[in-house]
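See below for the structure under consideration.
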Amino acid sequence: MLNLRQKPCILVTGGAGFIGSHTVCELLDHDYDVVMIDDFYNAKPEVLDAIRTITKKDFVFEEGDCADRDFMDRIFREHTIDAVIHFAGYKAVGESVAKPLMYYRNNLDTTLTLLETMKKHGCHNLVFSSSATVYAYSEKMPLYESNPLGTTNPYGETKRMIERILTDVSHADPEDSFICLRYFNPVGAHPSGLIGEDPNGIPNNLMPFIVKVATGKIAKLRVFGNDYDTPDGTGMRDYIHVVDLAKAHLLALNYAFKRTGIDYINVGTGNGTSVLEMVESFRRVNHVDVPYEIVGRRPGDLAKVWADTSYAKKTLGFTAEKTIDDMCRDAYNYGVKHMK
Ligand code: UDP
């Protein structure tokens, strides 16, 4: 719950990253005070000025590691933090399989240190960046929040473990108000083209890969399988525009301020889009070629994944507004300007 002052102050961990930076823009646009933490492990310092340019507002930036107790303690001493949005964490599935200890150590340590520091300073409101990857395999779509959980890689397991930690912590303290947002497939970029997704090296995810192909940095897209049980045979996912996703965080914060307890909430559009539908939309809205070839299935991939979005609508009043065309247009606009 929030002791109402004029402007709530929100600590955003990992705020220079893809989803974090868009969320900070929304917070500043809605007159929140922001303290951002990032260690630039997977983000670039230029993002800070880009956010200031977009919003014409300033915020506090602290470079450091959320697992560093003294650093976190100083931040909570120097600022009256009303709520935390916790993005900081490693997020590459493949890397997590190769370096599981690194993922468990980092993602759990940062969260435990953050929670201990919040307790010490009497901060009870938290929105956590979770993922649809926490759900166990299901033949049937959509995925409901009540579906069984089960993960297939260390990255997903850290998300599931953190949800469990947050559950136990919130059960032990009636003042805690936590929300786990289970993201589906965030894509797109800010319409200004100033912030977006710029993965290091060759992208693993579909949209950044398409952008690299469309901008001539990679010769062609490899479509992983066209023999799935879907209308065109290619895999279907629930892509959500990152600006819509950022807005969901604001609604989640407002909800956290009004009640106590813990909720797990899907954030998607509720619609599945196939790989070939995405390629077609990208070509059409951007007037650019996206050469591709069909190759074998990627190990571990599912045929279709999409969200049931009724709980997000009921609890947060959230509905995604942007279309697949918006996602393709904004992703390309950012890619043309920024991708190396
Ligand atoms: N995909 C593809 N080629 C690529 C990357 C992804 O065909 O280079 C497909 C993938 O098989 C899946 C969809 O695009 O059906 C989304 O993949 P992504 O890695 O973006 O998301 P995730 O599978 O983790 O939901």
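What's counted below: heavy atoms across the whole structure, side chains too, no hydrogens, waters or symmetry copies. Each ligand, and each atom within it, is numbered from 1 in the order the structure gives.
Cation-pi geometry between R237 and F184 is not satisfied (NZ or CZ under 6.0 Å from the ring centre, within 45° of the ring normal). In this structure, R222 forms no cation-pi arrangement with Y292, as its terminal cationic atom is not both closer than 6.0 Å to the ring centre and no more than 45° off the ring axis.
Within ligand 1, the atoms closer than 4.0 Å to a non-hydrogen atom of V223 are 7 (O), numbered from 1 in the order shown. Residue-ligand proximity, N185 to ligand 1, at heavy-atom distances under 4.0 Å covers atoms 21 (O), 22 (P), 25 (O). If you number the atoms of ligand 1 from 1 as listed, the ones under 4.0 Å from a heavy atom of Y239 come out as 13 (C), 14 (O), 16 (C). Below 4.0 Å from some heavy atom of G235 lie the following atoms of ligand 1, by number and element: 15 (O). Close approach of ligand 1 to R222 (heavy-atom distance below 4.0 Å) involves ligand atoms 2 (C), 3 (N), 4 (C), 7 (O), 8 (O).
No more than 12 heavy-atom neighbours from other residues, nucleotides or ligands sit within 6.0 angstrom of CD on E321. Counting non-hydrogen atoms of other residues, nucleotides and ligands closer than 6.0 Å to CZ of R164 gives a total of 12 or fewer. Taking a 6.0 Å sphere around NZ of K99, one finds it holds 12 or fewer heavy atoms contributed by other residues, nucleotides or ligands. Around the CG atom of D229, the shell of radius 6.0 Å holds no more than 12 heavy atoms that belong to other residues, nucleotides or ligands. A 6.0 Å sphere centred on CZ of R284 holds more than 12 heavy atoms belonging to other residues, nucleotides or ligands.
With respect to atom 9 (C) of ligand 1, the closest heavy atom belonging to the protein is V275 CG2, 3.6 Å. For atom 11 (O) of ligand 1, the closest non-hydrogen atom on the protein side is D301 OD2, 2.5 Å. The protein atom (non-hydrogen) at minimum distance from atom 12 (C) of ligand 1 is R237 NH2, 3.7 Å. Nearest non-hydrogen protein atom to atom 18 (P) of ligand 1 is N205 ND2, 3.5 Å. At the shortest separation from atom 19 (O) of ligand 1 among protein heavy atoms lies R298 NH2, 2.8 Å.
Under 4.0 Å from ligand 1, not a single heavy atom of V93 appears. Contact annotation: for L206 versus ligand 1, heavy atoms closer than 4.0 Å belong to both the backbone and the side chain.
The two atoms that bring G14 and F87 nearest to each other are O-CB, 3.9 Å, heavy atoms only.
Considering only non-hydrogen atoms, atom 5 (C) of ligand 1 lies nearest to N204 out of I294, N204, N226. In the candidate list F209, Y228, F224, F224 is nearest to atom 4 (C) of ligand 1, counting heavy atoms.
Put simply, no part of Y292 is less than 4.0 Å from ligand 1, judged by heavy atoms.
Aromatic ring orientation, H22 versus F18: perpendicular (interplanar angle above 60°, classes split at 30° and 60°).
Between F61 and F40, the ring centre distance stays below 6.0 Å.
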